[in-house]
Trainee: 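One structure, as structure tokens, below. Some questions next.
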Amino acid sequence: MSSNPSSSASPRLRFAPSPTGYLHVGGARTALFNWLFARHYGGTLILRIEDTDFERSTAEMVDGILDGLRWLGIDWDEGPHFQSQRMDLYRESAQKLVEDGHAYYCFCTKEELEQRRAAAQAKGGDPQYDKKCRNIAAEEAQARRDAGEACAIRFAVPDAGSTFFDDAVFGRVEFSNSEIEDFVLLRSDGGPTYHLSVVVDDLDMRMTHVVRGADHLSNTPKQVMLYRALGVQPPLFAHVPLILGPDKTRLSKRHGATSVTAYKDEGIVPGAFRNFLALLGWSPPDSTREMMDDRALIDLFDLSAIQKSNAIFDRGKLDWFNSEYIRAYPAVQLLPLIEEEWKKVGLIPFQTNREAMESTVDLVKPRARNLKDFATLFRAYFSDEYEVDSTAVEKFLKDEAVRQMLIELASRYEKEDVFSEGGTEKVVRDFAAEKSVKAGALINGARVALTGQGVAPSLFAVMANLGQERTVARLKRAKEL
RNA sequence: GGCGCUAUCGUCUAGGGGUUAGGACGGAAGAUUCUCAAUCUUCAAACCCGGGUUCGAUUCCCGGUAGCGCUACCA
């Protein structure tokens with residue numbers, strides 16, 4: 001008998017994705033919660049790939065899942081283990097269950113089952129398996145197997161009584177055993193079903209806690225029965241509510257991106273995504289606190305603070321987190337991510353000096369909402385090939401006189417010996433006073449000429465950043481805009 | 001259909017037998033100025049419905065409704 005899981009000194013948890021698709025946001029959050037819990041208690045996180053469905057599982061998906069986890073900053077201590085390499089263990093366990101009288105051979109074919117199920121339902125009866133094979137004598141079963149008849153192994157669910165467990169988030173959940181059919185443990189092809197493989201593996205890998213999606217809540221009593229039949233105490237379960245789309249249905253492609261890789265590709269920064277995900281269904285003791293790095297998340301995380309109801313994925317809030325994180329990320333950290341975005345659009349920066357690029361990043365990052373902004377909105381800060389926003393031209397440069405003045409202004413800057421933020425401003429203001437025009441008109445016009453945008457940081461900071469030569473050249477081009 | 005779970009602003013949530021029901025995103029308005037997607041200020045916005053229990057229920061209990069999940073030789 002194992003000891004009470006909740007009193008274990010060092011918790012052991014696992015994340016067990018099925019590689020039949022990329023890492024989706026629901027799975028990512030489950031992984032995150034497991035990780036936060038394990039790190040909070042100094043436990044062990046095991047990664048297990050549940051690839052018993054050979055048809056749908058691919059190695060490519062496994063790589064995608066691992067990439068997604070790494071991107072989110074989730075690391076693991078053991079694994080990845082592959083269920084496909086542990087098939088013997090499942091067969092032996094099923095065999096043992098038969099020997100101990102907890103399971104039996106079932107010779108019903110899939111067709112027969114479907115037929116009888118349909119017939120039962122037509123009569124308004126119970127669609128559960130009718131236990132036809134439950135009482136076949138051991139010798140007969142052996143004989144039929146020897147004769148090569150295909151068979152599955154089913155668990156013999158007790159006819160009476162009920163099964164319950166105490167979930168860390170939902171509390172006590174109880175099911176009447178009569179609601180649970182004699183489920184299959186081992187398929188006729190020799191492969192285990194989910195219920196068998198999870199239990200056998202969680203047992204073999206000495207899991208103390210099972211944190212997974214709430215879609216498994218109704219399946220849990222089956223697994224609890226299996227643990228009991230195997231003579232052990234089940235681990236502590238914690239079921240995490242599901243993530244829904246804006247229409248309150250299960251999140252799917254219809255709602256946009258569902259894989260974490262897609263968010264990476266969309267210019268979301270990993271810290272933002274992790275922070276956002278952590279707050280979907282969980283909140284720290286001080287719920288007014290929202291910005292949390294991994295350290296804070298780990299310190300504050302607690303299973304009991306997980307929400308019981310499903311949460312809707314709010315893209316707007318994610319974007320907000322993204323802008324906050326981009327602003328907070330140091331330029332050194334941001335630059336490599338930005339360079340990936342440049343690569344995607346073929347932008348080759350005119351500047352190669354890292355420090356200079358970093359200071360440019362710092363200049364514009366407060367206005368960024370997405371990493372892509374550095375390759376689109378902010379192109380002019382890094383490249384001489386950028387588009388000019390026509391509405392900005394319309395708004396600030398439609399006056400021919402302004403254009404002329406900007407060209408004149410360029411000549412003045414050309415003659416400056418020092419080109420500083422304060423100095424450039426003085427030149428414009430003096431020039432405006434001289435011409436009896438509002439400085440704002442010139443500043444706004446110059447902004448469009450320099451950045452192609454009507455929106456930008458302080459003009460003089462931009463000039464200082466662009467440098468004298470580039471500032472002059474772009475101002476001179478004002479008349480062509 | 002059966003079984004299970006859930007229910008606080010549009011969304012994420014805090015709270016809890018007596019509160020002006022708090023915060024955040026988003027929305028609206030205003031301020032600022034050199035533009036704004038930045039910043040600051042302000043505003044609107046919620047306890048699903050019906051019964052109990054109670055001096056008092058949004059909070060506890062029951063029922064309803066709704067949503068979600070499970071009901072496979074998928075995981």
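Note on naming: letters A, B, ... go to the chains in the order of the sequence lines (proteins, then strands), and numbering restarts at 1 for each one. The basis for the numbers below is simple: all heavy atoms, side chains too, and nothing from hydrogens, waters or symmetry mates. Keep in mind the model is a prediction, meaning the values are calculated, not measured.
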Trainee: From the options A:Tyr194, A:Phe170, A:Phe165, select the one residue that forms a ring-ring contact (aromatic ring centres under 6.0 Å, His included) with A:His216.
Mentor: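 Exactly one pass, corresponding to A:Tyr194.
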Trainee: Base, sugar-phosphate alone, or nothing: which one does A:Leu113 contact when heavy atoms must sit under 4.0 Å apart?
Mentor: base
Trainee: Using a cut-off of 4.0 Å on non-hydrogen atoms, how would the nucleic acid contact of A:Asn219 be classed: base, sugar-phosphate, or nothing?
Mentor: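 Here A:Asn219 touches the bases of the nucleic acid.
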Trainee: Which is true for A:Gly281 with a 4.0 Å heavy-atom rule: it touches a base, it touches only sugar-phosphate, or it touches nothing?
Mentor: sugar-phosphate
Trainee: Answer with base, sugar-phosphate or nothing: what part of the nucleic acid does A:Pro285 contact at a heavy-atom distance below 4.0 Å?
Mentor: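 Nothing, no nucleic acid heavy atom in range.
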Trainee: Whole Å only: how far is the CG atom of A:Asn322 from the C1' atom of B:C25?
Mentor: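 Distance, rounded to whole Å: 14 Å.
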Trainee: Are OP1 or OP2 of B:A38 and a side-chain N or O of A:Arg327 less than 4.0 angstrom apart?
Mentor: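 Answer is no, no contact under 4.0 Å.
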Trainee: Rounding to a whole Å, what distance do you find between A:Phe170:CZ and B:C68:P?
Mentor: 15 Å
Trainee: Please work out if A:Arg117 contacts a base, only the sugar-phosphate, or nothing of the nucleic acid, heavy-atom cut-off 4.0 Å.
Mentor: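 It contacts sugar-phosphate atoms only.
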Trainee: Would you classify A:Ala456 as touching base, sugar-phosphate or nothing, given that sugar-phosphate means primed atoms plus P, OP1 and OP2, and contacts are heavy atoms under 4.0 Å?
Mentor: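 Here A:Ala456 touches the bases of the nucleic acid.
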Trainee: NA contact type, A:Thr193, heavy-atom cut-off 4.0 Å: base, sugar-phosphate, or nothing?
Mentor: sugar-phosphate
Trainee: Tell me whether the centres of the aromatic rings in A:Phe175 and A:Phe164 are closer together than 6.0 Å.
Mentor: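 No - the distance between ring centres of A:Phe175 and A:Phe164 does not fall below the 6.0 Å cut-off.
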Trainee: Is A:Ser218 touching bases, backbone alone, or none of the nucleic acid, heavy atoms closer than 4.0 Å?
Mentor: base
Trainee: Side chain of A:Phe396, heavy atoms from C-beta onward: which of B:U35, B:G23, B:A75 has the nearest atom to it?
Mentor: B:U35
Trainee: Does A:Lys365 have a side-chain nitrogen or oxygen under 4.0 Å from the phosphate oxygens OP1 or OP2 of B:A38?
Mentor: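 For A:Lys365, the contact criterion (side-chain N or O under 4.0 Å from OP1 or OP2 of B:A38) is not met.
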Trainee: Within the pair A:Arg29 and B:C12, is there a side-chain N or O less than 4.0 Å away from OP1 or OP2?
Mentor: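 Negative; the distance criterion is not met.
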Trainee: For A:His239, report the nucleic acid contact type (base, sugar-phosphate, nothing); a contact means any heavy atom under 4.0 Å.
Mentor: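 Counting heavy atoms under 4.0 Å across all strands, no contact is made by A:His239.
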Trainee: Check whether any side-chain N or O of A:Ser309 sits under 4.0 Å from OP1 or OP2 of B:G67, and answer yes or no.
Mentor: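 No, no such contact exists.
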Trainee: Could you please name the partner base of B:C73, counting Watson-Crick and G-U wobble pairs only when both distances are under 3.5 Å?
Mentor: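 Paired with no nucleotide.
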Trainee: Assign A:Leu242 to base, sugar-phosphate, or nothing according to its heavy-atom contacts below 4.0 angstrom with the strands shown.
Mentor: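 Sugar-phosphate only.
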Trainee: Kindly indicate, with the supporting measurements, whether the criterion side-chain hydrogen bond (donor to acceptor under 3.5 Å, both in side chains) is fulfilled by A:Asn370 and A:Glu266.
Mentor: CA-CA 8 Å; A:Asn370 187 287; A:Glu266 279 186 23; over 6 Å; no
Trainee: Quick one: label A:Arg289 by what it contacts on the DNA or RNA (base, sugar-phosphate, nothing), any heavy atom closer than 4.0 Å.
Mentor: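 No contact.
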Trainee: Given atom CG of A:Leu217 and atom P of B:G67, what is their separation to the nearest angstrom?
Mentor: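 Taking atom P of B:G67 as the reference, CG of A:Leu217 is at 20 Å.
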Trainee: Checking all strands, does A:Gln307 fall into the base, sugar-phosphate, or nothing category for heavy-atom contacts under 4.0 angstrom?
Mentor: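 The answer is sugar-phosphate, as A:Gln307 gets under 4.0 Å only of primed atoms, P, OP1 or OP2.
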Trainee: Is there a side-chain contact between A:Ser283 and the phosphate of B:A14, meaning an N or O under 4.0 Å from OP1 or OP2?
Mentor: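 Answer is yes, contact under 4.0 Å.
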Trainee: How is A:Arg367 classified with respect to the nucleic acid when contacts are heavy atoms under 4.0 Å: base, sugar-phosphate, or nothing?
Mentor: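 Here A:Arg367 touches the bases of the nucleic acid.
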Trainee: Within less than 4.0 Å of OP1 or OP2 of B:A72, is there a side-chain N or O belonging to A:Arg154?
Mentor: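 Result: no.
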Trainee: Can you check the distance between B:U19 and B:C3, where both ends of the measurement are the C1' atom (answer in whole Å)?
Mentor: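 Straight-line distance between the two C1' atoms is 39 Å.
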Trainee: Would a line drawn from the ring center of A:Phe301 to the ring center of A:Phe33 be shorter than 6.0 Å?
Mentor: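 Yes, they do, as the ring centres are separated by less than 6.0 Å.
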Trainee: Quickly work out the A:Leu377 CG to B:U35 C1' distance and round it to whole Å.
Mentor: 13 Å
Trainee: Would you tell me whether A:Glu174 and A:Ser162 have side-chain atoms, one donor and one acceptor, within less than 3.5 Å of each other?
Mentor: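 The criterion, which ignores hydrogens and geometry beyond distance, is satisfied for A:Ser162 and A:Glu174.
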Trainee: Both distances below 3.5 Å, Watson-Crick or wobble geometry, any strand: find the nucleotide opposite B:C47.
Mentor: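 Because no pair has both required distances under 3.5 Å, B:C47 counts as unpaired.
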Trainee: How is A:Pro457 classified with respect to the nucleic acid when contacts are heavy atoms under 4.0 Å: base, sugar-phosphate, or nothing?
Mentor: base
Trainee: Anything under 30° is parallel, anything over 60° is perpendicular, the rest tilted; go ahead and classify A:Phe276 against A:Phe273.
Mentor: tilted
